[in-house]
Amino acid sequence: MSTPLPSNNGSNADPGNLNALLSIGPETKARIRTLVVDDEHTLRESCASVLRLEGYDVTVCGRGQEALELVKRRPFDIVLADLYMSQVDGLALLRATLATNPDTIVIVMTGNPSVESSVEALRQGAWDYLPKPFSAQHLQITMGRATHTVLVGQETRDRQAQDVEGEEAPPDKATLLGNSVAFRRAIELARRVAPTDASVFITGESGSGKEMIAQFIHQHSRRSSRPFVAVNCAALPEPLLESEMFGHRKGAFTGAVRDKPGLLETANGGTLFLDELVEMSKPIQAKLLRVIQDGVVRRVGSETTDAVVNVRFIAATNGDPEAAVQAGAMREDLYYRLRVVPIHVPPLRDRPEDIPLLAEYFLSTYWVRHRRKGETFPKLSDGAIRTLCTHAWRGNVRELQNVIEHVAVLTEPGAVIRPEDLPLTAESRPTVATNPASLISTLLEESYHVARERVIAQFEMQYLTWLLSRAGGNMSKAARIAGVDRTTLYRLMERHGLQRSPNAAWVVEREGTEETERASSAPQPAA
């Protein structure tokens with residue numbers, strides 16, 4: 001290409017103002033070790049020249065194999081790599097770079113920016129991608145945002161190291177309560193994606209815990225010290241949503257008496273949670289896509305770029321986003337840009353084994369909040385637990401939370417909470433015993449033996465969850481209630497990943513990790 005880095009890509013941002021917008025000086029950029037990899041000599045050298053003028057410490061190479069050897073010998077903060085190269089391509093280099101140093105930011109360049117290739121690169125850990133041809137200005141803005149992310153990560157790691165040296169307790173991070181296979185799968189996926197900057201799209205019914213998952217991802221990311229900003233796209237009319245998201249200039253509309261930054265600027269360096277994204281109008285979606293691609297924010301009523309932001313995006317909806325795309329309610333390019341890692345949060349009715357744990361947690365939480373210190377805690381009866389486990393829970397965890405708060409407010413100290421004390425509707429979820437056909441209909445695609453084993457495993461997990469909760473972690477008492485010996489009980493617990501804790505509570509080991517969740521001390525449930 002004769003002019004690989006033209007000076008203008010359509011943005012009104014002034015290149016001379018980029019340093020001011022990003023607040024990153026050349027002295028800081030000189031510490032950012034950057035590797036540019038492209039088998040096209042002209043583009044490679046043009047990128048290097050632009051970045052060196054900006055002050056970056058730049059190394060270049062023309063072959064993927066050479067770059068592989070470099071990243072294994074030397075640590076780089078940012079790697080800018082062509083996606084399509086002979087022998088070793090950009091994806092292979094991406095995987096090798098992150099395997100050597102997970103904190104390295106990898107930006108891929110591609111002359112064929114198809115949805116499939118771009119999303120695959122982002123899914124495998126790329127921080128962003130640059131579609132060729134791109135301008136010097138686009139490169140400067142993208143590198144500025146990447147540099148900001150590098151600095152935030154370094155700051156977070158330094159602070160954590162100081163905390164360890166000073167023996168200070170680390171900040172609390174949300175722990176999500178749940179033992180069901182589907183819920184643990186969602187949490188494990190959230191845990192794996194959290195340290196990256198990949199966009200996440202969370203689906204699930206209202207009240208199932210989508211925002212809690214988003215907070216969990218943020219709090220376990222390198223952006224945890226920066227803002228987590230949530231916006232409900234369905235709660236605001238279009239003009240107000242645009243103003244809230246992007247900010248506005250004085251005089252942009254009636255009532256705009258001063259300049260106001262938007263939520264994108266507020267979330268700079270942190271995470272923006274877009275709840276009910278499919279309710280956002282198409283014009284605002286187009287404006288949001290521009291920010292995601294370039295990091296450039298233009299306030300309502302402004303004719304120039306007002307800010308350059310570095311934000312991680314997490315979107316959510318209680319509907320079907322792919323159906324919204326097919327219906328034309330949501331832009332396909334925006335959807336795939338945000339759906340790098342999809343996470344589905346199951347409804348509460350599909351994880352009844354989690355209900356006793358959540359109910360006990362909410363009861364203790366709201367009892368402490370609403371009652372005088374020292375008042376004896378009430379106790380949920382076995383009948384109340386069974387009633388809770390068979391309720392339909394159309395409002396999911398949020399409905400359970402409200403029911404238990406009602407009980408905590410009205411129950412006498414030390415009382416036993418009975419089923420009739422629960423403010424539930426008459427609607428309840430059919431059990432296997434009362435409606436076996438409803439269970440069978442979900443197993444038609446499975447063989448008899450597979451279906452039988454799955455039903456038995458589900459029953460054992462639910463029963464053990466209830467049993468251990470009622471026995472308060474006392475194994476002798478649990479064995480007596482169940483009518484089995486302790487050896488049998490221990491064997492069942494081990495089969496389902498349950499272990500007794502030293503504090504007479506119980507913990508659930510996560511599959512594939514060394515982390516556990518304590519039922520007695522988890523600071524946050526999914527809500």
Compare all side-chain heavy atoms of [X] with those of [Y] and state whether any distance is below 4.5 angstrom.
X: Pro321; Y: Phe201; result: yes
X: Leu177; Y: Asp354; result: no
X: Leu380; Y: Val416; result: no
X: Ile78; Y: Thr147; result: yes
X: Arg145; Y: Val296; result: no
X: Phe362; Y: Val397; result: yes
X: Pro283; Y: Glu238; result: yes
X: Glu412; Y: Pro378; result: no

Checking the side chain of [X] only, and the main-chain atoms of [Y] only, is there a donor and an acceptor separated by less than 3.5 Å?
X: Glu276; Y: Asn318; result: yes
X: Trp367; Y: Glu375; result: yes
X: Ser224; Y: His220; result: no
X: Arg222; Y: Val150; result: no
X: Asp275; Y: Val231; result: no
X: Thr104; Y: Leu98; result: no
X: Asn396; Y: Arg398; result: no
X: Lys210; Y: Gly204; result: yes
X: Thr488; Y: Val484; result: no
X: Arg351; Y: Gly178; result: no

Could you grab the distance from atom [atom1] of [X] to atom [atom2] of [Y], nearest 0.5 Å is fine?
X: His248; Y: Arg299; atom1: NE2; atom2: CZ; value: 8.5 Å
X: Ser476; Y: Ile481; atom1: OG; atom2: CD1; value: 11.0 Å
X: Leu410; Y: Asp421; atom1: CG; atom2: CG; value: 9.5 Å
X: Glu211; Y: Asn232; atom1: CD; atom2: CG; value: 9.0 Å
X: Leu277; Y: Gln285; atom1: CG; atom2: CD; value: 6.0 Å

message: Can you tell me how the ring of Trp393 sits relative to the ring of His391, calling it parallel under 30°, perpendicular over 60° and tilted otherwise?
response: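 The rings of Trp393 and His391 stand perpendicular, inter-plane angle above 60°.
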
query: With under 30° as parallel and over 60° as perpendicular, where do the rings of Phe228 and His218 fit, or are they tilted in between?
result: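 Phe228 and His218: tilted rings.
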
- request: Check the pair Ile292 / Leu334 against side chain to side chain contact (heavy atoms under 4.5 Å, CB included), numbers first and verdict last.
  value: CA-CA 9 Å; Ile292 295 173; Leu334 176 62; 3.6 Å; yes

- prompt: Around atom NZ of Lys282, are there more than 12 heavy atoms of other residues, nucleotides or ligands at under 6.0 Å?
  reply: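 Yes, the 6.0 Å shell around NZ holds more than 12 heavy atoms from other groups.
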
query: Are more than 12 heavy atoms from other residues, nucleotides or ligands located less than 6.0 Å from atom CZ of Arg192?
result: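 Not more than 12 within 6.0 Å, no.
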
field: Steps toward salt bridge (Lys or Arg N to Asp or Glu O under 4.0 Å) verdict (Asp128, Arg337)
entry: CA-CA 10 Å; Asp128 203 347; Arg337 188 76 192 221; 2.3 Å; yes

Going by an N to O cut-off under 4.0 Å, is there a salt bridge joining [X] and [Y]?
X: Glu265; Y: Lys260; answer: no
X: Asp382; Y: Arg418; answer: no
X: Arg394; Y: Glu399; answer: no
X: Asp197; Y: Arg223; answer: yes
X: Glu205; Y: Arg349; answer: yes
X: Arg249; Y: Asp259; answer: yes

task: I would like to know whether Leu388 and Leu358 meet side chain to side chain contact (heavy atoms under 4.5 Å, CB included); could you show each step before the answer?
output: CA-CA 11 Å; Leu388 291 173; Leu358 289 166; over 6 Å; no

field: Working for side chain to side chain contact (heavy atoms under 4.5 Å, CB included), residues Ile314 and Ser199
entry: CA-CA 6 Å; Ile314 301 179; Ser199 299; over 6 Å; no

- request: Check the pair Phe273, Phe313 against ring-ring contact (aromatic ring centres under 6.0 Å, His included), reporting the backbone distance first and the verdict last.
  value: CA-CA 6 Å; Phe273 176 58; Phe313 293 90; over 10 Å; no

message: As a quick check of understanding, evaluate side chain to side chain contact (heavy atoms under 4.5 Å, CB included) for Val291 and Phe246, giving each step before the final call.
response: CA-CA 10 Å; Val291 176; Phe246 302 96; 3.8 Å; yes

